[in-house]
Amino acid sequence: RGGAHGWFSREHASATSHHCQRGRFAGNMPSRRQRGEAVVRLKVRLVAALVAGWLPAGCADGFQTLRQAGPNERAIRAAVTLPPGAGPFPLLVVVHGCAGPRPNAAAWAELARQAGFATAIADQHGPLGIGATCTEAAVRLFERFRDTHTLVRLMQQRPEIRADRVFVMGFSVGAALALGTATAQWDLMDPPGGDPPPPRPRGAIALYGACSFFPAEMRAPLLLLLAQRDDWTIPQDCLDWVRGVRRGPVPRIVLLEGAHHAFDDTEAAGPRLMAGYANANRPGGFGATIGYSAAATAGARREVLEFLE
């Protein structure tokens, strides 16, 4: 379903900030000109890496590899932060849309951290060596759901994390993945036999995503934050899906008036049409409207904080 994508454009690529540890100068203190040239070279390298959707493992204040790639296994990368104080802490896992990690992910992670949560922002494109996929109809849904499951399980093994208080949040196609963690589909991901798996996620938060990818059999609370004027992931898809829920907790639906897709991303200036984005909801299969809304974001933040309590 083409409407399940996040958003991205080339002019936004350098806005995503992941900073690797800077090297030191050897020998005498460099001149102002030398320092300036070094900064320029560093910026060029960082921007090139960001456009490619990849940064080396172990970056300070950025993404790190939590599991190396192996036979039939993909590498798992995330930016992990902890709140002040002594753990163990509840955890919020944040899953990106088709653009890869965006500034809105960091903003939501900071909100959760201030509320006492550890956070793990996934980078599911970097291990594949790909950047944005917003112009593609395929969304790699199963592979990314498996990676989301693995990230949650890896984080639950850490002593500073409360394995019984994990929430998953996602945007656009990432919202569909977050939604899936609250359904019966999650129960199929752990291998049969062996020790009992850790607890399933406590709840899921889905922002402007499609709902109909996963069965309407709920196993955990779900908060759906939908954009009323979304022409990419049409809210009606989720409204119809929720009416089909027959088991488990009924999802909470919040329809944010006047909001467009990516309403929580401050760099999605608009509203404006992104003509190259794959969208099955439009004639010809391309074109989607994005636009930041301070009012919708403020309303969504209140809903999220209440949901995480």
Side-chain angles (χ1 to χ4, degrees), residues 57-58 60-67 75-96 101 104-124 144-171 174-191 194-207 209 214 217-225 248-252 300-309:
D61 302 324
F63 290 93
Q64 57 183 296
T65 299
L66 304 184
R67 185 188 75 181
I76 301 298
R77 284 169 52 82
V80 178
T81 62
L82 299 177
F89 305 104
L91 172 70
L92 179 67
V93 173
V94 184
V95 187
H96 59 75
N104 58 338
W108 284 110
E110 177 59 20
L111 181 72
R113 193 187 69 82
Q114 292 177 7
F117 277 72
T119 63
I121 302 175
D123 173 17
Q124 296 178 342
R144 291 194 56 193
F145 190 65
R146 184 175 57 195
D147 289 349
T148 302
H149 176 271
T150 302
L151 174 57
V152 169
R153 291 306 191 216
L154 288 172
M155 292 300 299
Q156 286 178 312
Q157 296 173 12
R158 298 173 69 142
E160 67 269 30
I161 299 302
R162 282 190 56 181
D164 63 336
R165 285 212 65 204
V166 176
F167 294 81
V168 183
M169 166 186 274
F171 321 105
L177 300 172
L179 178 154
T181 70
T183 72
Q185 186 68 31
W186 180 267
D187 302 325
L188 303 177
M189 301 304 293
D190 287 305
D195 297 330
R200 65 173 309 117
R202 177 71 66 90
I205 305 165
L207 287 80
F214 291 101
E217 293 187 39
M218 303 306 300
R219 296 291 187 269
L222 169 65
L223 173 62
L224 294 170
L225 297 170
V250 177
R252 172 167 171 74
R301 286 166 66 95
R302 289 191 295 270
E303 292 285 345
V304 167
L305 288 174
E306 181 176 346
F307 186 81
L308 292 176
E309 287 181 353

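- Between A220 and R200, the shortest heavy-atom distance links the atoms CB-NE, 4.3 Å.
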For side-chain contact (heavy atoms from CB on, under 4.5 Å), just list the numbers for R165 and F117, CA-CA rounded to whole Å, side-chain angles, deciding distance to a tenth of an Å, and then say yes or no.
-> CA-CA 10 Å; R165 285 212 65 204; F117 277 72; 3.9 Å; yes
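- The closest side-chain heavy-atom distance from R158 to V80 is below 4.5 Å.
- A salt bridge between E303 and R301 is absent, with no side-chain N of the basic residue lying under 4.0 Å from a carboxylate O of the acidic one.
- A distance of 9.0 Å separates CD in Q185 from CG in D187, rounded to the nearest 0.5 Å.
- No donor-acceptor pair under 3.5 Å is formed between the side chain of T65 and the backbone N or O of R67.
- The two residues A175 and G209 have their closest heavy-atom pair at CB-CA, 3.6 Å.
- Between T150 and M189 there is no side-chain heavy-atom pair separated by less than 4.5 Å.
- When every heavy atom of G170 is checked against every heavy atom of A178, the shortest pair comes out as N-CB, 3.6 Å.
- Side chains of R252 and L222 form no contact here, defined as non-hydrogen atoms less than 4.5 Å apart.
- Between F145 and F214, the ring planes are tilted. Angles from 30° to 60° get that label.
- A heavy-atom distance below 4.5 Å is found between the side chains of W108 and V304.
- The minimum heavy-atom distance between R219 and E217, with the atom names listed, is NH2-OE1, 3.5 Å.
- No donor-acceptor pair under 3.5 Å is formed between the side chain of E160 and the backbone N or O of L82.
- Counting all heavy atoms, side chain and backbone alike, R113 lies closest to P83 at O-CB, 3.6 Å.
- Between V168 and I205, every side-chain heavy-atom pair lies at or beyond the 4.5 Å cut-off.
- Annotation: the span from M169 atom CE to I121 atom CD1 amounts to 10.5 Å, rounded to 0.5 Å.
- Counting heavy atoms from C-beta on, the side chains of V166 and R202 never come closer than 4.5 Å.
- D123 places a side-chain heavy atom less than 4.5 Å from the side chain of P101.
- Rounding to the nearest 0.5 Å gives a distance of 7.5 Å between CG of L207 and CG of L223.
- Side-chain contact annotation: Q124 with T148, donor-acceptor N/O pair under 3.5 Å present.
- Counting heavy atoms from C-beta on, the side chains of F171 and L177 never come closer than 4.5 Å.
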Going through the checks in order, is the side-chain contact (heavy atoms from CB on, under 4.5 Å) test met by M155 and V152?
-> CA-CA 5 Å; M155 292 300 299; V152 169; 6.0 Å; no
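- Side-chain polar atoms of D190 and H149 form a donor-acceptor pair below 3.5 angstrom.
- To the nearest 0.5 Å, atoms CD1 (I76) and CG (L154) are separated by 6.5 Å.
- Scanning both residues, P221 and A182, for their nearest heavy atoms gives O-CB, 4.1 Å.
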